[in-house]
Amino acid sequence: MQKSILIIGACGQIGTELTMALREKYGNQSVIASDIREGSTVLMQSGPFELMDATDYNAIEDVVMHYEIEEVYLMAAMLSATGEKFPMRAWNLNMNSLFNVLNLAKEKKVDKIFWPSSIAVFGPNTPREHTPQQTLMDPTTVYGISKQSGERWCAYYHAKYGVDVRSVRYPGLISWKTLPGGGTTDYAVEIYHSALEEKRYTCFLEKSTKLPMMFMDDAIRATITIMDADPKTIKVRSSYNLNAMSFGPEEIADSIKAHIPEFEMTYQPDFRQQIADSWPSSIDDSQANADWGWVPEFDLDTTTKVMLENLNKA
Ligand code: SER
C-alpha cells in the first residue's frame with residue numbers, strides 16, 4: 001500500500017532508524033524526512049529531505065501540502081537531561097511541535113499522527129515495579145512534565161476532534177546506528193562504544209539503578225505496529241506503557257564482560273542520578289499486549305551481542 005509519510009526529527013536516534021524502516025516498507029519516495037539539521041549519509045541519500053523547524057506551523061503545513069502527507073511521526077524533542085539545563089526551550093519545542101501536528105490533524109490536513117511519550121511521565125510516587133498503565137504520575141523533570149501534558153492533549157484532541165493520534169511510552173532506547181543525545185538512559189549506549197574503544201567506562205548512574213530499557217529494533221516494531229493497528233483496537237489515546245527489559249549499570253557491565261572480560265566499570269553519579277531515581281524500574285505493558293499484540297523480542301544478552309557485533313564492524 002502506498003502512502004505519504006512525514007517524519008519530523010528524522011535525524012535523531014529514533015528518527016533515523018524509523019525513517020529507514022518506513023522507507024523499506026513504503027518505498028523511499030513515500031517517506032519524507034525532516035529535521036532542523038542534516039542527518040546521516042544513508043538517510044540523506046535514500047529519499048526526500050526537508051530542513052524544517054518543528055515549532056514552525058507554517059513550515060510544517062507547507063511540507064504537508066506539498067507532499068500530500070497522510071501520516072506524521074513527530075520525533076523531535078529535547079530529552080530529560082538537556083531539558084533540565086534549558087527548561088523553557090524544552091517546553092517550547094516539546095509542546096509547540098505537538099500542537100502543530102495535532103492542529104494539522106484537527107484541520108483534516110493529515111489523517112494520522114504518531115507522537116512518542118516516555119517513562120519520564122512517571123515520578124517518585126509512582127509504583128516503581130511493574131508500573132501500571134493507569135497510575136499516579138508526578139513527573140519531576142521538564143521533559144516528563146511536557147510528555148505528561150502532551151499525553152493529556154493527545155487524549156483531548158482524540159475525544160474532542162476525533163484526531164487519530166497514537167503513542168507509546170518508550171523506555172530507554174539502545175541502538176548502534178545513531179547516538180542518543182541528552183537523555184538519562186544514554187549511558188546504556190555510551191557504554192558499548194567505550195567498552196570497544198577503551199575497555200572501560202565511567203557511568204553517570206549508580207551501579208544498582210535499574211531502569212526500563214529496549215533495543216531499537218523492538219521500539220521501531222512497536223511504533224509501526226501501533227500505527228498499522230485497526231483504530232478500534234487503540235483504546236488508550238494518551239499513551240501505552242511499553243516493556244522489554246529492565247537492568248542497572250552493573251548488569252549491563254556484566255553482560256559486556258561476557259564478551260570483553262577485561263572491561264572495567266567505575267561509577268561517578270551526577271545530576272542524572274536524581275532523574276533516574278524518580279523513574280520506574282520496570283513496566284507493566286499488558287494493555288499494549290492485549291490491545292495491539294505487543295510482545296518484545298530483545299533481552300539484555302541479545303542486545304549486548306548485537307550491539308558489540310555491529311559497533312565492531314562500524
Ligand atoms: N531516554 C529518555 C531520557 O533519558 C527517556 O525517555 O530522557
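Numbering of ligands and ligand atoms starts at 1, following listing order. Index from 1, following the sequence.
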Open item on the list: Under a plain distance cut-off of 3.5 Å, with no hydrogens placed, do Asn103 and Tyr157 share a side-chain donor-acceptor pair?
Closed with: yes

TODO: Tell me which protein heavy atom sits closest to atom 1 (N) of ligand 1, plus the residue, atom name and distance to 0.1 Å.
DONE: Thr185 OG1, 2.8 Å

- [ ] Compute the centroid of each ring, for Trp292 and then for Tyr240, and state whether the two points are separated by less than 6.0 Å.
- [x] yes

Task: Residue and atom name of the nearest protein heavy atom (relative to atom 4 (O) of ligand 1), distance in Å to one decimal - done: Thr184 N, 2.6 Å

Open item on the list: Can you tell me which portion of Ala120 lies within the under-4.0 Å heavy-atom range of ligand 1? Options are side chain, backbone, both, or neither.
Closed with: neither

TODO: If the plane angle is over 60° it's perpendicular, under 30° parallel, otherwise tilted; pick one for Phe298 and Phe215.
DONE: tilted

- [ ] Would you mind telling me if ligand 1 is within reach of the side chain of Trp279, the backbone, both or neither, using heavy atoms under 4.0 Å?
- [x] side chain

Open item on the list: For atom 5 (C) of ligand 1, what is the closest protein heavy atom, and at what distance to 0.1 Å?
Closed with: Ser118 OG, 3.4 Å

Task: Contacting atoms of ligand 1, where contact means under 4.0 angstrom from a heavy atom of Leu79 - done: 7 (O)

TODO: Can you label the angle between the Tyr187 ring and the Phe204 ring as parallel, tilted or perpendicular, going by 30° and 60°?
DONE: perpendicular

- [ ] Indicate yes or no: does an N/O atom of Tyr143 lie under 3.5 Å from an N/O atom of ligand 1?
- [x] yes

- [ ] For Asn289 and Ser286, test the side chains for any donor-to-acceptor distance below 3.5 angstrom and give the result as yes or no.
- [x] no

- [ ] For atom 7 (O) of ligand 1, find the nearest protein heavy atom and state the residue, atom name and distance (0.1 Å precision).
- [x] Ser80 OG, 2.6 Å

Open item on the list: Tell me whether the rings of Trp153 and Phe99 are parallel (<30°), tilted (30 to 60°) or perpendicular (>60°).
Closed with: perpendicular

